[in-house]
Amino acid sequence: MLSSDFIRNIISRDVEVKKNQGRVHTRFPPEPNGYLHIGHAKSICLNFGLAAEYEGLCNLRFDDTNPSKENVEYVESIKSDVKWLGFDWGDRELYASDYFEQLYQYAVQLIKEGRAYVDSLSAEEIRDYRGTLTDPGKESPYRNRSVKENIDLFERMRRGEFKDGAHVLRAKIDMASPNLLMRDPTLYRIRWVSHHRTGVQWCIYPMYDFTHCLSDSIEGITHSICTLEFENNRPLYDWVLDELGVDCHPQQIEFARLNLSYYILSKRKLVELVTGGFVTGWDDPRMPTISGLRRRGYTPGSIRSFCERIGVAKRDSMVDLALLEYCIREDLNKSTPRVMGVLRPLRVIIDNYPKDQVEYLNAANNPEDPAMGTREVPFSRVLYIEKEDFQEIPQKKFFRLAPGREVRLRYAYFIKFVRVVKDEQTGEVVELHCTYDPKTRGGDSPDGRKVKATLHWVSAPHAVAAEVRLYDRLFLRPNPEAEKDGTDFKTYLNPDSLKTLTPCRVEPTLSGSPPGSRFQFERLGYFCVDPVDASDEKLVFNRTVTLRDQWAKIQKAQQHR
RNA sequence: UGGGGCGUCGUCAAGUGGUAAGACACAGGAUUUUGGUUCCUGCAUUCGGAGGUUCGAAUCCUCCCGCCCCAGCCA
């Protein structure tokens, strides 16, 4: 076993002592009320990973007990995201709503045993009766209704004789419990809402605490893994199963949910970003959703690797975004073809290059992997280079193109600066004139002369226009939710999280690239063809992540000096 | 101020009485036709704090401090 964490320790021990006959059966139980995000990926990798490691099974179970917030769009997105991440639930696509009848019968059993009652207090009254953190609650006047009356009322609740909120079914536990969840928790409420799967079949719906443990039990789950905030619910989880005397009593184990710096992983807040138009949708490449990361160009493997590296523990933590970026670079570096594209084009004229000549130069598709072959890149008298690769008055440690300098054009020639042409009005650099050394074809100098920089470039007449979207972190602060003064998290939205550049110039091999295809633009970063907005006529690239950038660090250090 | 959890490097995280793994980040250096990659090197005499037990403590005990969760007919 590669990784060791407290959950795997528990399960290993259980398997060793043949608990559950040595069987391991987990489940991933999303509520279909939003899209999955990278925090869910942690749970998915954990639950499906455990099942795989211990040769067990993992169910996909939708926890769909609150029809007013759930819908099929979410169900479909969740299925496709889990699948995309590389996991398979076989024929075990399950729904808590499939157990509604069974759950109802369990509730009846609880009533018959005198462990549940129909309460007719209003929601506000129930809140008042619950007490506070320090004061015990008091018992509802309806708490001692007879079993017969409770059964009658509960049946009529099901039949639809009452309005929303008229009655609820409550467990009869202990109104003085120091654990508020044990103060007669609600088990069923009346909701005249159509359910995305059961339609109008039901007007009463079971609550999470009643549903979850029993669904686990029904499915034969051995280890029910959830996040820390459910730790308080565990006594209730166990209470329900114990009172009902079910055969299968899974063990609930809680771990800390993921927090990622410069992002937000609260479903409620992500919904807010989507509905408020702060992003273009759930799959906006700036979103930490699985669909957003996918559109951004992240690979399933990189996300799985990330989830392995962050580990599993019980302490609240904030994982550095840099780790996620490390994982995607690591994956893409090995697998992605190199290509040249100029984001902010600056025209360069090679004065001594024959006017109508075109040469095709050989370029490696991936220096990391010769098996990926080579391609021919056209070179001509007029080229584009990156604006930031020229400085008229070079700053310290800048060793790209500048007056008097010679640099290499990748896979092409050494070129030497001749003169700069500026806009008379603005003083802006509009064009460069250079000369090339024909003896350096391919990028090597026969006289062994060295050059300090290699630039990427594109032949102007052959270049293909493209739109490039530069994405950056969504928030300015590492933890936008933690600002104590009550500031709204949206205050810290990064105004530069998206920069759209157009027209950019990319090498001709890129025309017609299929949606979703990934490339490394040399010296810039990893990009993928946007699966939504790109078309045959229009190339659109999303920047997945930049390359590590030593030069950017030097510049930053110089600024701070 | 009730109850339940958690505190090990900047960030994650192993460690379960025998003398602080690993990863990311960071800092140097080597290689390099991507200021990329790769490769070396460095990076917690110390585990929230204070006492105690022990030959020996991050691990056991006591007290203290800090952070998170719970008062939905949400999950």
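Protein chains get the first letters and strands the later ones, always in sequence-line order, with residue 1 at the start of each. For clarity, every value in this text was computed on a predicted model and none was experimentally measured.
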Asker: Mind calculating the distance between CG (A/L236) and P (B/rC70) to the nearest angstrom?
Answerer: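 Taking atom P of B/rC70 as the reference, CG of A/L236 is at 15 Å.
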Asker: Taking 5.5 Å and 30° as the limits, would you call A/Y208 and the base of B/rA75 a stacked pair?
Answerer: no
Asker: Could you tell me the separation between the CZ atom of A/F62 and the P atom of B/rC74, rounded to a whole number of Å?
Answerer: 21 Å
Asker: Any base atoms under 4.0 Å from A/I190, or only sugar-phosphate, or nothing? Heavy atoms, all strands.
Answerer: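 Nothing, no heavy atom under 4.0 Å.
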Asker: When you check the phosphate oxygens OP1 and OP2 of B/rA75, does a side-chain N or O of A/R257 lie under 4.0 Å from one of them?
Answerer: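 So the side-chain polar atoms of A/R257 never come under 4.0 Å of the phosphate oxygens OP1 or OP2 of B/rA75.
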Asker: At less than 3.5 Å, do the side-chain atoms of A/R338 and the base atoms of B/rU34 form a donor-acceptor pair?
Answerer: yes
Asker: Specify the separation, in whole Å, of atom CG of A/N366 and atom P of B/rU38.
Answerer: 12 Å
Asker: Start at the 5' end of RNA chain B and walk down; is the nucleotide closest to A/G131 or to A/P206 reached first?
Answerer: A/G131
Asker: In residues 368-376 of chain A, which ones come under 4.0 Å of RNA chain B, going by heavy atoms?
Answerer: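 Correct list: A/E368.
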Asker: What's A/D444 touching, base or sugar-phosphate or nothing? Going by heavy atoms closer than 4.0 Å.
Answerer: base
Asker: A/R191 has an atom CZ; how far is it from atom C1' of B/rA75, in whole Å?
Answerer: 13 Å
Asker: Starting at atom CD of A/Q252, determine the distance to atom C1' of B/rA75, rounded to an integer number of angstrom.
Answerer: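 Distance check: A/Q252 CD to B/rA75 C1' gives 12 Å.
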Asker: Report the distance from atom CG of A/L181 to atom P of B/rA75, rounded to the nearest whole Å.
Answerer: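 To the nearest whole Å, that distance equals 12 Å.
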Asker: Regarding A/A322, tell me which of base, sugar-phosphate or nothing describes its non-hydrogen contacts under 4.0 Å with the strands shown.
Answerer: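 The residue A/A322 makes sugar-phosphate contact but no base contact.
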Asker: So does A/T65 get a side-chain nitrogen or oxygen closer than 4.0 Å to the phosphate oxygens (OP1/OP2) of B/rA75?
Answerer: yes
Asker: Expressed in angstrom and rounded to an integer, what is the separation of A/F230 atom CZ from B/rC69 atom P?
Answerer: 14 Å
Asker: If I take atom CG in residue A/N71 and atom P in nucleotide B/rC74, what distance separates them, rounded to the nearest angstrom?
Answerer: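 Value for this atom pair: 18 Å.
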Asker: Going 5' to 3' through nucleotides 2-18 of chain B, assign each nucleotide B (protein heavy atom under 4.0 Å from a base atom), S (under 4.0 Å only from sugar-phosphate atoms) or - (no protein heavy atom that close).
Answerer: BBSSSSB--SSBSSB--
Asker: Within 90° of 0 counts as syn, otherwise anti: where does B/rG72 fall?
Answerer: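 Because its glycosidic torsion lies within 90° of 0, B/rG72 adopts the syn conformation.
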